[in-house]
Amino acid sequence: MKGNLVITIGRQCGSQGRIIGQTLAKAMGVKCYDKELLSEAAKNSGLCEELFETHDEKPTNSFLYSLVMDTYSMGYNSSAYLDMPINHKIFLAQFDTIKKLADEESCVIVGRCADYALAEYPNTVTVFITANEADKLAYLQKVNNVTEAKAKDIMVKTDKKRASYYNYYASKRWGEAKGYDLCINSSAVGIEGAVKVIQEFAKLKMEKNKA
């Protein structure tokens, strides 16, 4: 990984975590990987990109964690991998791509258990973005052009999906403060404020790592 700095961003639906990630990446002069990660994973794995879009951050009740991670350690040419259901292969491809990106460049990665995938990388800053419910609903109403009731439905279902996916694959709980370096309420500081807080925190963490 050398001196690469990777900032991972988990986010509640409507908290503008993705926008914060994009703004942060621009300020840092690096790439932000959100949906772009799917393209990278497809390219690296040889699997069809549409499959990644279909399975993006969606949990699977049939997922056997130990089987998949054992297969991950054995490599993609093992018979266990070849026989593995497609959703397991999708997860492994993303997991592998996140590590590959961290080894190659400084970047910002939004969602997809990136903080868990990079748990052993010292130059990773893990962030979770929240916001006040009223602000999240107002944002979702605006960007989706829907009623408040529909916005709340989108918010609840999206957060439930993200939590289920994260809790299933990771060894931590989605959105639980102790699982992240930094938790920020974007309602309190705004997008630009959140970016400044993350940058300052990252600077302090990197200085401590060098000490």
Side-chain angles (χ1 to χ4, degrees), residues 1-45 47 49 51-53 55-59 69 72 89-131 158-159 161-177 179-184 186 191 194-203 205-206 209:
M1 187 179 181
K2 301 179 182 178
N4 295 336
L5 168 63
V6 180
I7 298 177
T8 69
I9 296 184
R11 72 286 185 218
Q12 289 181 331
C13 181
S15 67
Q16 301 190 67
R18 179 175 60 85
I19 295 174
I20 289 171
Q22 292 171 336
T23 306
L24 173 64
K26 186 175 181 180
M28 293 171 59
V30 301
K31 291 182 181 178
C32 177
Y33 292 95
D34 182 11
K35 294 292 185 183
E36 296 84 357
L37 183 66
L38 306 182
S39 299
E40 288 292 320
K43 181 174 66 177
N44 294 336
S45 67
L47 296 172
E49 186 171 342
L51 291 173
F52 286 85
E53 294 172 355
H55 292 83
D56 189 26
E57 291 192 304
K58 291 182 180 177
M69 295 316 289
Y72 179 75
K89 293 180 181 179
I90 295 297
F91 171 75
L92 284 183
Q94 291 191 79
F95 194 86
D96 213 31
T97 296
I98 289 167
K99 287 177 173 290
K100 184 174 183 292
L101 289 172
D103 286 333
E104 294 177 348
E105 62 184 281
S106 294
C107 59
V108 176
I109 303 177
V110 178
R112 297 167 187 84
C113 295
D115 60 312
Y116 175 62
L118 301 177
E120 303 302 319
Y121 286 62
N123 289 349
T124 298
V125 174
T126 60
V127 180
F128 191 83
I129 307 294
T130 67
T158 301
D159 280 349
K161 182 186 76 170
R162 288 175 180 170
S164 296
Y165 178 86
Y166 186 94
N167 296 344
Y168 216 76
Y169 291 106
S171 58
K172 304 182 294 182
R173 303 293 294 178
W174 184 80
E176 194 171 75
Y180 303 88
D181 290 327
L182 182 65
C183 294
I184 300 175
S186 60
I191 293 172
V195 168
K196 290 178 182 178
V197 170
I198 296 169
Q199 286 183 296
E200 184 61 27
F201 184 93
K203 177 183 176 183
K205 182 175 181 179
M206 295 307 101
N209 285 348

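All values below were derived from every heavy atom in this structure, side-chain atoms included, with hydrogens, water molecules and symmetry-related copies excluded.
In this structure, the separation between CD1 on I98 and CD1 on I109 is 5.5 Å, given to the nearest 0.5 Å. Annotation: the span from T97 atom OG1 to K43 atom NZ amounts to 9.0 Å, rounded to 0.5 Å. Between atom CG of residue N4 and atom CD of residue E104 there is a gap of 9.0 Å, rounded to the nearest 0.5 Å. Note that SG of C32 and NZ of K26 are 12.5 Å apart. Values are rounded to the nearest 0.5 Å.
Of all heavy-atom pairs between I7 and A202, the closest is CD1-CB, 4.3 Å. Residues C113 and Y169 share a closest heavy-atom pair of SG-CB, 4.1 Å. Here the closest heavy-atom approach between residue K100 and residue N44 is recorded as CD-ND2, 3.7 Å. Nearest heavy atom pair, residue N167 against residue K172, reads OD1-O, 3.7 Å. In this structure, C107 and V30 approach most closely via the heavy-atom pair CA-CG2, 3.8 Å. When all heavy atoms of A117 and K99 are compared, the pair lying nearest together is O-NZ, 3.0 Å.
With hydrogens and angles ignored, the 3.5 Å screen pairs a side-chain donor or acceptor of K205 with a backbone N or O of T124. Between the side chain of D96 and the backbone N or O of L92, no donor-acceptor pair lies under 3.5 Å. For E200 (side chain) and I198 (main-chain N/O), no donor-acceptor pair under 3.5 Å exists by modelled atom type. Within the 3.5 Å criterion, the main-chain N or O of V108 finds no donor-acceptor partner in the side chain of T8. Listed for the S186 side chain is no donor-acceptor partner under 3.5 Å among the backbone atoms of I191. Using modelled atom types, one side-chain atom of N209 and one backbone atom of P122 make a donor-acceptor pair closer than 3.5 Å. Distance alone, capped at 3.5 Å, places no donor-acceptor pair between the R162 side chain and the W174 backbone. Under a 3.5 Å cut-off, the side chain of Y166 and the backbone N or O of R173 do not form any donor-acceptor pair. Judged by distance alone, with hydrogens and angles left aside, the side-chain atoms of D159 form a donor-acceptor pair with the main-chain N or O of C13 at under 3.5 Å.
Side-chain atoms of K31 and L101, non-hydrogen and from C-beta on, never get closer than 4.5 Å to each other. The shortest side-chain heavy-atom distance between L24 and Q199 falls under the 4.5 Å cut-off. Taking the side chain as every heavy atom from C-beta outward, F128 and Q12 approach each other to under 4.5 Å.
Under the 30°/60° scheme for interplanar angles, the aromatic rings of F91 and Y165 are found to stand perpendicular.
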- With side chain to side chain contact (heavy atoms under 4.5 Å, CB included) as the test, would you mind laying out the steps for Q16 and I129 before giving the verdict? CA-CA 8 Å; Q16 301 190 67; I129 307 294; over 6 Å; no

- Item | Check against side chain to side chain contact (heavy atoms under 4.5 Å, CB included), I20 and R11 | CA-CA 10 Å; I20 289 171; R11 72 286 185 218; over 6 Å; no

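For the pairing with Y121, the side chain to side chain contact (heavy atoms under 4.5 Å, CB included) check across D103, L5, D115, V6 returns one residue only, D103.
Side-chain contact annotation: Y33 with E105, donor-acceptor N/O pair under 3.5 Å present.
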